[in-house]
Protein chains: 2
Amino acid sequence: MKQSCLAPSEIESRLKAAGVQPTAQRIAIARYVLCEADHPTAEQVKSWADANFPKMSMATVYNTLNALVDAGLLKKHAFPHLNEATYDDNITEHYHLLDEKTGRVFDLDPADVKVTTKLKGVRIKEVDVFIRGSRA
Amino acid sequence: MKQSCLAPSEIESRLKAAGVQPTAQRIAIARYVLCEADHPTAEQVKSWADANFPKMSMATVYNTLNALVDAGLLKKHAFPHLNEATYDDNITEHYHLLDEKTGRVFDLDPADVKVTTKLKGVRIKEVDVFIRGSRA
DNA sequence: ATATAGGTCTTGAATCATTCTAAACAATAA
DNA sequence: TTATTGTTTAGAATGATTCAAGACCTATAT
Ligand SMILES: [Mn+2]
Ligand SMILES: [Mn+2]
Ligand SMILES: [Zn+2]
Ligand SMILES: [Zn+2]
């Protein structure tokens, strides 16, 4: 779990501010992905919902995650080692490290990973860096 | 198409050297992906086969691509903007640029894109860089 | 040359992630 | 209240890839 866990009312404000109608399902999912989970897959969100919400369909999980991505509150990642998407509450520019020993993905601060290009005639919009390795 | 197109006999030698039995289907696919196509998907390989080979099943396309990847002759990529895999004959370290205007993927020479890290306690095995942008 | 054995190819079914459809529901406005 | 609009649901559909079973080849040994 994470350190900064927001109250449901605060989640609600965030959803409204982003133009997303704050339904019970959306508040629950948003709270989970924004302040409890770490790069979860839709399946992991569903498992969490099955254990912590009265009843929620898989379609609602996908609908809600897509809505949060569209609203700019989440970023969807397609990591090259996984065949399912993961959802990231960290929407600032950062990179990822896959620890191949554990299969876990860690965020990398752009201060620690610098990408410099000598490309001519290319307007760069976004850079994805995915490092595979193992932590000591 | 590419400049350096190998003869079927030369493809055959490459397959044998890599421990892959050189069947007609494998020679045809290998020749296409190694010296004609650019980051093709399995579907594109199948389309090419439908137009240039008497008869080939989708399973054979996948089996062959997997065999070539296992033999180290190809690299399989899961680019974040595509839901299907692409196969790369360039097995040296290099990065990729997606031109969002055209949807085309271009190879980037590592001489033009440098990644430097200050990570402590991480043994890096591989670095993927995927740049989104547009060419002038 | 023939038989045998092992690898290869094909068809179609199965699997998995994700989206779609249509109906049921909920909240809101007139 | 009734109309309107947006949301959730179950299940079907889709698309990429793999699996399974049998047919087909090819190499090698007799
Ligand atoms: Mn993927
Ligand atoms: Mn596609
Ligand atoms: Zn992240
Ligand atoms: Zn490439």
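Keep in mind that the numbers below use all heavy atoms, side chains included, and drop hydrogens, waters and symmetry copies.
Asp128(A) and Arg132(B) are joined by a salt bridge, as a carboxylate oxygen and a charged side-chain nitrogen come within less than 4.0 angstrom of each other. Using a cut-off of 4.0 Å between Lys/Arg side-chain N and Asp/Glu carboxylate O, Glu126(B) and Lys75(B) are scored as salt-bridged. Ion pairing between Glu36(B) and Arg31(B) fails under the 4.0 Å rule for side-chain N and carboxylate O. Salt bridge present: Asp99(B) and Arg135(B) bring a charged side-chain N and a carboxylate O closer than 4.0 Å.
Separating the NZ atom of Lys55(A) from the C1' atom of dT7(D) is a distance of 14 Å, rounded to the nearest angstrom. Atom CE of Met56(B) is separated from atom C1' of dC25(D) by 15 Å (rounded to the nearest Å). Note: CG (Asp50(A)) to P (dA10(D)) measures 11 Å, nearest angstrom. As rounded to whole Å, 16 Å separates atom P of dC16(C) from atom NZ of Lys46(A). Following rounding to the nearest Å, Asn63(A) (CG) and dC25(C) (C1') show an atom-to-atom distance of 15 Å. Atom CD1 in Ile27(B) sits about 15 Å away from atom C1' in dC9(C), given to the nearest Å. When the P atom of dG15(D) is taken as reference, atom CG of Leu82(B) falls 15 Å away, rounded to whole Å. The interatomic distance linking Leu65(A) (CG) with dA17(C) (C1') rounds to 13 Å, in whole Å.
Glu43(A) comes within contact range of no nucleotide atom at all, as no heavy-atom separation falls under 4.0 Å. Within 4.0 Å of Thr23(A), counting heavy atoms only, lie sugar-phosphate atoms of the nucleic acid but no base atom. Among the heavy atoms of the strands lying under 4.0 Å from Asn66(A) are primed sugar atoms or P, OP1, OP2 only; no base atom is included.
Nearest to the side-chain atoms of Ala59(A) among the listed nucleotides dC9(C), dT10(C), dA10(D) stands dA10(D). Listed nucleotides: dT17(D), dT18(C), dT9(D). Nearest to the side chain of Ala85(B): dT17(D). Which of dT7(D), dG12(C), dT19(C) sits closest to the side chain of Lys76(A) comes down to dT19(C). Proximity note for Asn83(A) (side chain, C-beta onward) versus dA17(C), dT17(D), dT19(C): the nearest is dA17(C).
Using a 4.0 Å cut-off, some side-chain N or O of Ser57(A) falls inside it from OP1 or OP2 of dT9(D). Residue Tyr62(B) places none of its side-chain N or O atoms closer than 4.0 Å to OP1 or OP2 of dT18(D). Taking side-chain N and O atoms only, Gln21(A) has no distance below 4.0 Å to OP1 or OP2 of dG6(D).
Position along DNA chain C of the nearest nucleotide to Val20(B) versus Met58(B) favours Val20(B) as the more 5'-ward residue.
Listed here is the closest heavy atom pair of Lys118(A) and Ala111(B): CE-O, 3.9 Å.
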